[in-house]
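The sequence lines fix the lettering, A, B, ..., with proteins before strands; numbering per chain opens at 1.
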Amino acid sequence: MDFTEDQIQRYSRHILLQDVGVEGQEKINNGKVLIVGAGGLGAPIALYLAAAGVGTIGIIDGDVVDLSNLQRQVIHFTPDVNKPKVISAKEKINLLNPDVNVITYQELLTAENALEIIKDYDFVVDGTDNFPVKFLINDACVIAKKPFTHGGILRFEGQTLTYVPGAACYRCLFHSPPPPNAVPTCSQAGVLGAIAGMLGTIQAAEVLKYLTGVGELLTNRLLTFNAKTMDFRTINTKPTHNCPVCSTHPTVTHLVDYEQAVCEIKRK
Amino acid sequence: MSQIKVNGKEQTIQELMTLSELLVINNVAEPSMVSIQVNGTFVVREDYDTTKLSENDEVDFLYFMGGGSKLY
């Protein structure tokens, strides 16, 4: 593609990067990325990928913006409360960078629609807040041979892992969803807002590294951090030989919707 | 006593301590929210009671992390 003068100016700090350059920026502009969840992680990821000029950004989320989201979901503003999250996100992306083609899916990712939706994308981002969908994304991406980034946050901590076919998948590390009755109490939930930005921008960097082919992805390594101490750690892992989905004899061969227990704060 | 590493940090434990016992002394309240790797290999939950630790073992506790608004 030929960049206009405006585009050369817009993307100049990427083009100046020796590892990226015009060629790398073209790869970003040709990239198609699906973001599952326009929440705490999806918000910074969508903003940075839009700013970077990712050509097509798909966003899937069935929720509307809630006042309690604004503490961390930085793509949504106060006037957006009650607006569908995918619409709110699309509006901001269009304002930030008109080069980006935004495709919205105002629905949940399910066992029924997952493979059909992800097939059009180069890379999938897990920006979800619940385990049933995290396992669904993993299984769909392993089955469809799509790379994805897993992200999880809780309280002051975050974790992320990048999957590409052949590397350890989420199930290699976490065999199956935790039982709903394992949830101890609601008092153990909550998240420091900035943690979502810390982890989301790491995931966005992984997407840009994948699209440009620069550097080494977080494959076979789980990155974890605790913002209370600001200790970062990478735990080396490897594909598990009896992984339920990515091993040579998988037991998970089709997608399932796991049951979801909810731990919401009750309003008085 | 045995010297092992738990999440990268040195820890002294009694000899032949099991993974289940290690979870207890590390105050892991909800073992089903943890996945455990010993020397780079994941141990299935059913084997926590029978997996004994020895000198220089490296243990990683990997916690399930969702999104903060819901625990599950």
Side-chain angles (χ1 to χ4, degrees), chain A residues 37 39-41 66 68-69 72 127-134 150-155 157-160 168 172-175 177-186 188-193 195-196 199 222 224 231 233 235-238 240-243 258-265, chain B residues 2-14 16-72:
Chain A
L41 299 173
D66 185 86
S68 67
N69 299 151
R72 65 198 178 285
T128 66
D129 64 356
N130 67 85
F131 296 110
V133 182
K134 287 190 186 303
H150 152 77
I153 49 174
L154 185 61
R155 296 187 286 272
E157 295 173 56
Q159 68 177 206
T160 176
C172 289
L173 280 62
F174 298 97
H175 186 271
N181 61 10
V183 179
T185 61
C186 289
Q188 296 195 17
V191 63
L192 188 74
I195 299 295
L199 195 78
L222 180 76
T224 68
D231 281 330
R233 181 163 182 257
I235 300 162
N236 290 321
T237 62
K238 55 180 189 275
T240 302
H241 72 92
N242 56 354
C243 173
Y258 288 98
E259 199 183 330
Q260 185 175 339
V262 180
C263 183
E264 299 275 18
I265 295 171
Chain B
S2 301
Q3 198 71 22
I4 65 166
K5 273 190 181 172
V6 178
N7 288 350
K9 289 184 179 150
E10 297 280 344
Q11 188 167 347
T12 306
I13 58 163
Q14 289 186 336
L16 301 177
M17 179 175 273
T18 66
L19 272 185
S20 294
E21 291 164 336
L22 187 71
L23 283 165
V24 172
I25 65 163
N26 282 283
N27 300 316
V28 176
E30 193 53 77
S32 58
M33 295 300 282
V34 166
S35 188
I36 305 180
Q37 184 175 245
V38 179
N39 301 325
T41 302
F42 284 94
V43 179
V44 295
R45 209 169 299 284
E46 297 76 54
D47 293 344
Y48 288 1
D49 283 340
T50 52
T51 303
K52 294 188 191 320
L53 296 163
S54 44
E55 187 77 17
N56 297 325
D57 276 350
E58 296 192 6
V59 182
D60 295 301
F61 293 155
L62 279 63
Y63 291 86
F64 272 107
M65 276 183 215
S69 57
K70 294 162 186 166
L71 261 180
Y72 183 83

Check your understanding: For the side chain to side chain contact (heavy atoms under 4.5 Å, CB included) test, which of A:Thr237, A:Leu173, A:Ile235, A:Thr224 pairs with B:Asp60?
Key ->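 It is A:Ile235, the one option of A:Thr237, A:Leu173, A:Ile235, A:Thr224 that forms the side chain to side chain contact (heavy atoms under 4.5 Å, CB included) with B:Asp60.
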**Study point:** Flag if over 12 foreign heavy atoms under 6.0 Å of CD, B:Gln14
**Key:**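 No, the 6.0 Å shell around CD holds no more than 12 heavy atoms from other groups.
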Exercise for review: Below 4.5 Å from any heavy atom of chain A, which atoms of B:Phe42 appear? Answer side chain, backbone, both or neither.
Suggested key: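 B:Phe42 touches chain A through side-chain heavy atoms alone.
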**Study point:** chain B contacts, top residue of A:Arg233, A:His175, A:Lys134 (heavy-atom pairs, under 4.5 Å)
**Key:**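 Heavy-atom pair counts peak at A:Arg233.
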Heavy-atom closest contact ([X] atom, [Y] atom, distance):
X	Y	answer
A:Pro178	B:Ser32	CB-O, 3.9 Å
B:Gly40	A:Lys238	O-NZ, 2.9 Å
B:Met65	A:Ile153	CB-N, 3.9 Å

Practice item. Over 60° means perpendicular and under 30° means parallel, so classify the ring planes of B:Phe64 and A:Phe131, tilted if in between. Key: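 Ring orientation, 0 to 90° scale: perpendicular.
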**Study point:** Toward chain B, the part of A:Leu222 with a non-hydrogen atom under 4.5 Å
**Key:**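 Interface part for A:Leu222: side chain.
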